[in-house]
Amino acid sequence: MSERSAIQASFTIERVFDAPPGRVFQCFADAETKRRWACHENWAMSEFDFRPGGREVSSGGEPGRPVYGFNGRYQDIVPDRRIVFAFEMARDGVRFSISVGTIQFEPHGAGTRLLFTEQGVFLDGHEDPARREQGSGTGLDNLAEMLRREAVAA
Amino acid sequence: MTERSVTHATFVVDRTYDAPVERVYAACSDPVAKARWFVGPDAWDKSDHKLDFRVGGAESVSGGPPGGPIHHYAAVIWDIVPNERIVSTYEMHMDEIRISVSLATLELRPAGSGTRIVYTEQGAFLDGYDNAGQREEGTRGLFDQLEAALKRESADA
């Protein structure tokens with residue numbers, strides 16, 4: 001019998017952006033805008049349907065390394081305020097976590113305070129929850145960088 | 001501006017049943033067996049439980065007190081290990097309003113001739129309609145109903 005385990009973990013990350021909530025929300029709601037900060041040569045989004053019950057699917061990985069897959073489903077969307085989604089991650093086709101993600105967008109002066117909370121279950125010892133927190137932080141750093149470039153170009 | 005809020009909370013229900021793992025798992029995975037216990041309190045109008053038990057399958061049930069709001073449960077199954085684990089996410093609606101999104105992990109382990117279940121819910125409770133304490137109480141009630149259903153099965157056998 002294989003070793004089975006399920007470890008729950010939760011974390012919240014906060015970021016402040018100079019862009020207003022409507023613009024930051026759009027970075028999650030619009031496929032092409034999302035691709036600009038969330039995707040690169042090693043990560044591509046193949047499905048994006050931004051409505052409750054809609055799917056988002058992406059995958060990738062460095063050459064010669066395992067292929068990671070993200071399979072998500074939108075649950076709750078409040079325009080410019082909140083997104084709640086459920087998702088699983090897999091490595092080489094083997095599921096290793098299932099999570100609920102909550103993104104909240106709050107006005108912060110003329111900008112936005114974004115809170116990302118992940119509540120996840122990590123399966124069968126395949127992944128350390130601390131690495132997930134780190135990876136999520138990197139994603140938001142990429143968003144911040146794109147918004148900064150936009151502000152400079154404007 | 002409408003007040004919006006999210007409260008994130010986790011609770012655990014840890015119970016032991018006097019039935020073997022295969023029977024407890026069947027009560028959680030077979031649509032006919034699950035409909036016998038996965039229902040609202042007796043006072044609620046008859047509800048229509050549906051379960052498509054497979055990864056990616058859906059489960060739903062609705063009900064409510066006569067004349068009161070209708071509670072809708074809608075789940076998607078993400079992970080199944082037969083006789084060991086079921087992981088799903090589910091939403092609750094009160095009438096048209098979505099009040100929560102939760103991750104639910106059910107683990108089953110043999111305990112002597114019985115079964116220990118550990119159910120962990122990690123919930124996002126939306127806009128103050130419900131809270132973890134009430135949800136935990138309601139969930140414990142459901143697991144009481146599972147115990148009663150298992151006992152009735154044993155008595156009938």
Side-chain angles (χ1 to χ4, degrees), chain A residues 1-13 21 25 51-55 57 70-90 93-107 114-124 126 129, chain B residues 1-12 14 21 55-58 60 72-93 96-110 117-129 132:
Chain A
M1 185 184 3
S2 55
E3 273 306 304
R4 292 290 183 185
S5 61
I7 309 280
Q8 280 81 13
S10 298
F11 61 84
T12 299
I13 303 175
F25 181 87
R51 56 181 179 86
R55 294 179 42 150
V57 179
F70 169 97
N71 174 30
R73 190 173 182 274
Y74 288 102
Q75 306 287 148
D76 182 66
I77 295 171
V78 181
D80 299 345
R81 306 295 303 274
R82 180 169 76 218
I83 303 167
V84 184
F85 58 106
F87 66 98
E88 64 181 358
M89 299 254 359
V94 176
R95 182 183 308 115
F96 64 83
S97 75
I98 300 141
S99 305
V100 168
T102 304
I103 312 175
Q104 297 176 80
F105 306 82
E106 295 167 6
L114 181 151
L115 290 166
F116 170 65
T117 301
E118 180 168 345
Q119 298 163 286
V121 61
F122 296 84
L123 306 175
D124 307 326
H126 290 310
Chain B
M1 187 195 269
T2 316
E3 271 306 303
R4 294 285 185 182
S5 65
V6 187
T7 301
H8 296 97
T10 298
F11 64 85
V12 180
D14 189 337
V21 150
V55 172
S60 62
H72 302 266
Y73 165 97
V76 171
I77 300 166
W78 292 85
D79 184 65
I80 294 171
V81 181
N83 294 318
E84 291 189 47
R85 182 170 76 212
I86 302 167
V87 183
S88 58
T89 56
Y90 80 91
E91 297 187 352
M92 288 296 302
H93 283 74
E96 302 302 304
I97 301 169
R98 185 178 296 109
I99 67 170
S100 69
V101 179
S102 300
L103 172 64
T105 303
L106 179 69
E107 295 171 276
L108 302 93
R109 304 162 194 169
I117 61 135
V118 179
Y119 170 84
T120 305
E121 177 161 339
Q122 294 160 280
F125 297 96
L126 308 175
D127 306 322
Y129 288 100

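Nothing here was measured: the structure is a model prediction, and the numbers come from that model. Protein chains get the first letters and strands the later ones, always in sequence-line order, with residue 1 at the start of each.
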Does B/R85 use its side chain to pair, donor to acceptor, with the backbone of A/R4 at less than 3.5 Å?
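Judged by distance alone, no pair lies under 3.5 Å.
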Search all heavy atoms of B/R4 against all heavy atoms of A/R82 and return the closest pair with its distance.
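Scanning both residues completely, I find the closest heavy atoms to be NH1-NH2, 3.7 Å.
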Closest heavy-atom contact between A/Q119 and B/L103?
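The answer is O-CD2, 3.5 Å.
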If you count heavy-atom pairs under 4.5 Å between each of A/P52, A/A86, A/S99 and chain B, which one has the most?
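Most heavy-atom pairs within the cutoff with chain B belong to A/A86.
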Residue [X] versus chain B: region with a heavy atom under 4.5 Å:
| X | answer |
| --- | --- |
| A/F105 | neither |
| A/Q75 | both |
| A/V84 | side chain |
| A/S5 | backbone |

Under a 4.0 Å N-O cut-off, is there an ion pair linking B/D127 with A/R81?
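No, no charged N to carboxylate O under 4.0 Å.
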Tell me, please, which residues at least two apart from B/S60 pass side-chain contact (heavy atoms from CB on, under 4.5 Å).
B/K50
What pairs with B/R109 under side-chain contact (heavy atoms from CB on, under 4.5 Å), at least two apart in sequence or on another chain?
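B/R109: side-chain contact (heavy atoms from CB on, under 4.5 Å) contacts with B/E107, B/R116, B/V118.
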Is it true that, when you exclude B/Y73 itself, more than 12 heavy atoms of the residues, nucleotides or ligands shown sit nearer than 6.0 Å to its OH?
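Yes, enclosed.
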Does a donor on one side chain sit under 3.5 Å from an acceptor on the other, for B/H8 and A/T102?
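Side-chain D/A pair, B/H8 to A/T102: present.
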With the side chain counted from C-beta on, respond yes when B/L126 and A/D76 share a heavy-atom pair under 4.5 Å apart, and no when they do not.
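A side-chain contact under 4.5 Å exists here.
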Under a 4.5 Å cut-off applied to non-hydrogen side-chain atoms, are B/T10 and A/Q8 in contact?
no
Between CD on residue B/Q122 and OG1 on residue A/T117, distance to nearest 0.5 Å:
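One gets 12.0 Å once the value is rounded to the nearest 0.5 Å.
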